[in-house]
Amino acid sequence: MATFWTLTLNGLALAAIFFLISAGLSLIFGLMGVLNFAHGAFVAWGAYIWLAIFNSTGNFWLALLGAALAGAALGAVTERVFIRPLYGRPQTQILVTLGLGLVLGQAVVAIWGESPQYFNAIPGLDGTLQFGDVYIASYRLFVIGAGVVVLAAVWALLRYTRIGLIVRAGVENPTMVQALGINVNQVFLGVFALGSALAALGGAVYAPYLSAATPDIGQSTLLFAIIVVVLGGLGSYPGSAIGALIIGLAQDYVPYYVAKLQLLPPSVSASAASLISLVLLIVILLVRREGLLGVRVAGGAL
Amino acid sequence: VRARRAPGGWLAGSLVCLVLVVVPPLVGSAQLSLPTDILLFALVAITYDLIFGIAGLISFGHALFMGAGAYALAVSLTTYHLSLAVALLAAGVTGLLLALVTGLLALRTRGVYFAMVTLAFAQAAYTLAESNVGNLTGGDNGLLVSGAPGWLVDPGSEAHLYYLVLAALVAGYLFVHRLVRAPVGRVWLAIRENEQRVKMLGYPPYSYKLVCYTISGTLASLAGGLYALAVGDVSTSLLTASSTIEILLMVIIGGSGSLWGAAVGALLVRSLDHYLNVLSTSSFVTSGPGWLQSVIGQPLLLFGIIYLLLVYFFPNGISGLFGGLPAGGGTRRRPGGGVGRRSPHGGAPGAVAAVPAGYDDTSENLQQVE
């Protein structure tokens with residue numbers, strides 16, 4: 001049973017990271033109809049800016065804040081320069097964000113190099129905690145906490161503030177919101193910045209989890225973020241939380257139990273972690289392509 | 001490519017072929033690797049143009065097919081010691097099955113969803129290849145191709161390989177060209193313009209798109225197999241998103257929807273790639289500042305910037321400069337309706353990447369079917 005709880009806690013930590021990364025992607029799509037393929041690059045920038053600040057100041061929290069702010073700035077500039085002039089040209093928007101992702105990702109390689117970047121232990125979070133038979137790295141516990149805090153904070157923002165009201169209304173009917181005299185452009189800019197800040201924060205939290213920052217951190221997380229939002233339902237905020245939970249836990253349970261119970265030949269079982277996400281993606285496409293909490297729009301994108 | 005009969009088309013095509021045939025004696029067999037590489041990528045770019053430019057499907061997973069074909073050939077030749085013909089067949093069949101299965105699933109979605117799902121399939125293939133699934137792919141190290149017949153791969157026989165690839169390109173080009181002008185091609189073009197209307201007229205878009213996607217995937221896998229043969233090794237980098245972007249860049253440079261444009265795009269992109277790599281090892285660059293070296297040694301950064309500028313400012317590419325109607329997926333057209341261009345929800349509700357109906361020649365296309 002101890003193994004099960006260890007796996008669960010680790011899976012929850014992974015889920016928290018996937019949630020941070022996919023929530024922004026989903027939120028931006030829900031409001032603006034833009035799927036930002038550069039989202040993964042924002043994750044990588046978050047990780048590297050966190051690393052740069054942490055290595056120079058030694059202050060973990062300051063580095064997290066810096067990464068989130070840098071992500072927000074990156075997102076705001078992206079929306080203003082690349083996305084806004086292209087509303088009404090969705091095809092170009094998709095192509096542009098993909099290219100932007102490549103450029104920002106390669107810029108990371110040009111600045112910080114191809115090889116993994118390491119950093120010092122994080123003061124206060126580098127130990128291991130023990131609950132009975134269950135051991136868990138204290139950093140992973142922190143990641144779970146961070147995920148829950150962000151989940152609650154963004155939910156409260158959406159639910160209880162005027163801005164949240166506008167955003168929710170905008171998801172429902174942007175034309176009506178505009179007709180009521182609200183400057184939708186500012187809301188779009190704000191949400192894009194918020195979503196990108198979440199991505200950068202996700203990257204900043206993920207790097208210590210992997211104990212190194214590598215340039216492909218964005219590429220690999222973009223895959224999970226995509227599967228999470230397709231699973232949960234694109235544009236649904238609770239959907240991305242549930243999708244992240246499923247993918248995070250599956251990533252941890254499946255490889256372990258597949259190996260333990262010898263469900264697959266050993267040569268395949270090492271790839272079980274990658275296979276399970278693919279299988280989940282295929283199943284959701286077959287069974288419910290709008291995702292668990294997505295809404296099927298008549299004549300819509302599906 | 002529109003149905004307009006270009007009277008000079010055959011003449012120009014034959015001239016280009018003639019030039020391509022005399023390349024080996026002109027440049028010498030030691031210098032043939034770049035021309036071979038260009039021809040291969042021209043074929044891949046044409047297969048991508050078939051789904052992107054002709055049928056209007058934005059797939060971000062085309063690298064999957066090229067990579068799968070390359071791996072299939074390498075595994076068949078090296079691991080299972082099959083003959084070259086069987087190995088090439090294996091590459092084609094792998095592509096066919098992969099495209100059929102991923103197409104059946106991915107084509108249930110549209111627009112941005114389709115782009116996402118195809119990207120996810122390619123990324124999944126990448127992670128599977130990295131993790132050396134079934135001990136087939138060699139993981140990080142990739143695979144060396146051995147067991148290819150000597151008349152193709154021995155030193156001195158580069159010209160044979162070149163002509164094999166040239167034959168594949170010409171056959172592929174003529175095949176796709178023929179398809180696009182056939183009734184099925186008219187339906188693909190019509191789907192690009194207005195899928196709803198195609199459906200109303202009684203053509204099932206899903207099946208037509210699946211056929212297009214499968215043909216494209218099969219041809220791309222064959223090209224991938226030839227690529228593995230030409231390069232002599234296969235690595236996971238073939239399956240990455242950057243690999244897809246490079247193919248996309250070729251098509252966009254050339255002008256989406258134009259088959260010869262895609263081939264020209266491949267020529268430009270692969271040459272640039274090659275000469276930038278040469279430049280990055282030159283003394284001028286190696287003695288220069290470190291950032292210069294890293295920028296030039298990583299052509300992807302430069303490609304990304306070129307790609308962005310093109311998509312943004314010249315969405316119709318080179319073929320668009322030659323007076324043809326904008327053949328691309330309507331990137332310049334504004335959608336009708338909606339609440340002005342500031343609203344992302346303008347136009348058809350949620351039809352995120354469906355081509356807007358500002359300019360519409362669906363019925364014109366379909367009349368030619370009948």
Side-chain angles (χ1 to χ4, degrees), chain A residues 29 32-35 37 82 84 86-96 98-103 105-107 109-111 113 173-175 178-179 184-185 188 219-220 222-223 226-227 229-230 234 265 267-268 270-271 273-275 277-278 281-282 285-286 289 297-302, chain B residues 58 60 105-106 108-113 115-117 119-121 123-124 127-128 131-135 196 240-242 245 248 252 291 294-295 298 300-301 303-305 307-308 311-312 315 329-332 334-335 338-353 355-356:
Chain A
F29 182 84
M32 295 175 245
V34 176
L35 194 85
F37 283 94
F82 292 101
R84 191 177 296 180
L86 296 175
Y87 283 129
R89 288 163 68 188
Q91 211 175 17
T92 314
Q93 250 173 4
I94 300 177
L95 295 174
V96 161
L98 185 74
L100 195 64
L102 177 71
V103 170
Q106 287 299 312
V109 179
I111 297 171
N173 190 340
T175 318
Q178 211 166 19
V184 188
N185 281 336
F188 283 3
Q219 283 279 333
S220 54
L222 184 60
L223 170 67
I226 286 177
I227 296 181
V229 294
V230 172
L234 196 48
S267 61
V268 182
S271 316
S274 342
L275 278 172
S277 318
L278 182 63
L281 174 71
I282 291 172
L285 282 176
L286 282 175
R289 58 197 159 145
V297 186
L302 284 172
Chain B
I58 300 188
F60 283 166
L105 292 164
R108 289 169 61 82
T109 64
R110 248 183 253 153
V112 69
Y113 264 83
M116 259 166 76
V117 171
L119 178 64
F121 281 134
Q123 289 281 304
T127 51
L128 285 178
S131 66
N132 194 11
V133 61
N135 289 328
Q196 281 299 317
T240 55
S242 359
I245 295 188
L248 194 57
I252 289 195
W291 64 266
S294 60
V295 166
Q298 303 273 340
L300 278 176
L301 180 61
F303 282 162
I305 294 169
Y307 167 91
L308 270 184
V311 170
Y312 216 88
T331 32
R332 263 192 183 160
R334 300 245 187 275
V339 286
R341 70 190 195 89
R342 294 275 177 202
S343 164
H345 292 273
V352 173
V355 175

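Just so it is clear: chains get the letters A, B, ... in the order the sequence lines come, proteins before strands, and each one is counted from 1. Predicted model, so just to flag it, every value in this text is computed and none were measured.
In this structure, the portions of A:F82 lying under 4.5 Å from any heavy atom of chain B include both its backbone and its side chain. Residue contact with chain A, scored on non-hydrogen atoms closer than 4.5 Å, involves the backbone and the side chain of B:Y312 alike. Looking at A:L98, both its backbone and its side chain come within 4.5 Å of chain B, counting heavy atoms on both sides. Heavy-atom distances place both the backbone and the side chain of A:V96 under 4.5 Å from chain B.
Looking only at heavy-atom pairs under 4.5 Å with chain B, the residue among A:L281, A:L100, A:V230 that has the most is A:L100. The residue among B:L105, B:N135, B:I252, B:I305 with the most heavy atom pairs within less than 4.5 Å of chain A is B:L105.
Checking side-chain atoms of B:Y307 against main-chain N and O of A:L95 turns up a donor-acceptor pair under 3.5 Å.
Considering CE of B:M116 and CG of A:L223, their distance stands at 10.5 Å, rounded to 0.5 Å. We find the CD-CD1 distance between B:Q123 and A:I227 to be 9.5 Å, quoted to the nearest 0.5 Å.
Looking at residues two or more places apart in sequence or on another chain, you find a side-chain contact (heavy atoms from CB on, under 4.5 Å) between B:A106 and B:F114, B:V117, B:T118, B:F121. B:T127 meets the side-chain hydrogen bond (donor to acceptor under 3.5 Å, both in side chains) test with no other residue; sequence neighbours excluded.
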